[in-house]
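All remarks here apply to the structure that follows.
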Amino acid sequence: MSNPASPPAGRLLDQGYELTFPPGFRWGAATAAYQIEGAAAEGGRTPSIWDTFSHTEGRTVAGHTGDVACDHYHRMPEDVRLMADLGLTSYRFSISWPRVQPGGSGPANQAGLDFYRRLVDELLAHGIEPWLTLYHWDLPQPLEDAGGWPARDTAGRFADYAQLVADALGDRVRHFTTLNEPWCSAFLGYGSGAHAPGRSDGADAVRAGHHLMLGHGLAVQALRAARPEAHLGITLNLYPVTPATDSPADAEAARRIDALANRFFLDPVLRGAYPADLPGDLRQVTDFGHVRDGDLALIAAPLDMVGINYYSRYVVAAPVSGTGPDAYWRAPSCWPGSEDVRFVTRGVPVTDMGWEIDAPGLVETLERVHRDYTDLPLYITENGAAFVDAVVDGRVDDPDRLAYLDAHLRAAHAAIRAGVPLKGYFAWSLMDNFEWAWGYTKRFGLVHVDYDSQARIPKSSARWYAEVIRRNGLAAQ
Ligand code: IFM
């Protein structure tokens, strides 16, 4: 019989009960090194591609750089206290490769590693589990000068770096993520050039995507050897791709974008093969001659979890008449071979990034990965929204962000009820930070940052999230 104090599994919705998450569900927030640390030239750190890119005129809004960012490098203990006040059980951060291995090869920089040792110790002292991401886009500049991710050798350098981090931090960190959003590194970094290093060549983007995945596979091998007990995964940014109409041409456009955005990474990593339709779509871009025997087996190294970053849905339509999906023109694009597919807006509410708010898309994404690819535990390693915030009387009320997070957590719960082995959720982001080419003009944080004084103010969404964590759930609507 049902007992209102302790709802039976499967009857968590629409019963006047709380929407309770499974016991042990991980509640976290995420950040990335270049977006928050600052101290760009301290402790032996050398430039990454993002230092170079952001210091190049015209690359970021208002010329913003990550030189100071949130000054987290100097304010780390205060920031960990903020996390503890929120009740976070996990914190996802990334290591700055050029801080711990300046130049991207050679010996470790102990001063850089010491910063992360202190961070991890501080987290553990507050009962917060560290989730370490090895690569969140800050390739050491000398490796870019040697060819960057389109060069095969970069994959090997990444595995060496993974080994170095495992040796230094593997005694106190259990959860390792190799790459964050390799689609962005490959297709924004080398396709459209909107991200560092700002190169625009479709073939390079495809090669970069492959070598990122190869680096992932080699890093998994190195990490497994160094730390057999480690819990290893990768984080992909995934989107449902919906045709704008039920026309066959729009369905074809959706297939093409889904292949590039999602299956380009899901299939090699979780099935050990590129999708069968991809080489045809890319035939005017590359012949995949960069793929060597044995690469895909390495890329598909067994994992312990898959991280999914979810923000929005793509709605796409066929090219306008006169071009066709096979038309290939060399304008910088993050969709090589499918540059002419149109991205359609539906007039639904959007965030300050212009991204449509679509919580059901999260359920679709989680169900797809579980149904079509893997039984592994899944984690939402990023989800969140930029909105314009105002400080009024020392407070920041952000009802739009709160509503976004609430809707997506309800979606996450629906996915669990549908059988998806979702084990945790990390809000993006712990605090406002350097939003890449957008600089400091977009705020995703649960915590507001005043970039002049570096004062932190938890927003109303942060207080709400703390309550969600405390209850391990949401109130039923
Ligand atoms: O800020 C980024 C993050 O670095 C990667 N995922 C998307 C976020 C919002 O754009």
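Counting convention: from 1, in listed order, for ligands and their atoms alike. Keep in mind that the numbers below use all heavy atoms, side chains included, and drop hydrogens, waters and symmetry copies.
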Worksheet item: Charged N to carboxylate O under 4.0 angstrom, Arg75 versus Asp79?
Response: no
Worksheet item: Met353: heavy atom below 4.0 Å from ligand 1, yes or no?
Response: no
Worksheet item: Quick one: do the Asp295 and His290 side chains pair a donor with an acceptor below 3.5 Å?
Response: no
Worksheet item: Is any side-chain heavy atom of Thr154 less than 4.5 Å from a side-chain heavy atom of His211?
Response: no
Worksheet item: Taking only heavy atoms of Gln35, which atoms of ligand 1 are found under 4.0 Å from at least one of them?
Response: 1 (O), 3 (C), 4 (O)
Discussion item. For a quick check under 3.5 Å, do Thr381 and Arg92 share a side-chain donor-acceptor pair by atom type?
Written reply: no
Response to the item:
Quick note, ring-ring contact (aromatic ring centres under 6.0 Å, His included) partners involving residues 335-378, not counting sequence neighbours, are Trp183-Trp335, Tyr311-Trp355, Tyr314-Trp335, Tyr314-Phe343, Trp335-Phe343
Item to complete: Using ring pair (Phe, Tyr, Trp, His ring centres under 6.0 Å) as the criterion, point out the one residue from Trp149, Tyr161, Tyr34 that pairs with Tyr135.
Response: Trp149
Worksheet item: So Tyr440 and Phe434, ring-ring contact (aromatic ring centres under 6.0 Å, His included) or not? Walk me through it.
Response: CA-CA 5 Å; Tyr440 299 99; Phe434 176 78; 5.4 Å; yes
Practice prompt. For Glu435, take its heavy atoms, then give the atoms of ligand 1 lying under 4.0 Å from any of them.
Written response: 1 (O), 2 (C), 9 (C), 10 (O)
Worksheet item: Which residue holds the protein heavy atom closest to atom 7 (C) of ligand 1, what is that atom called, and what is the gap in Å?
Response: Glu382 OE1, 3.2 Å
Item to complete: Report the part of Lys442 (side chain from C-beta onward, or backbone N, CA, C, O) that has a heavy atom under 4.0 Å from ligand 1; answer both or neither where that applies.
Response: neither
Worksheet item: Should Asn309 be counted as touching ligand 1, given the test is an N or O pair under 3.5 Å?
Response: no
Discussion item. With nothing but distance in play, are any N or O atoms of Trp137 less than 3.5 Å from an N or O of ligand 1?
Written reply: no
Worksheet item: Which of the numbered atoms in ligand 1 are below 4.0 angstrom from a heavy atom of Phe444?
Response: 9 (C), 10 (O)
Worksheet item: Would Trp355 count as a contact of ligand 1 if the rule is a heavy atom under 4.0 Å away?
Response: yes
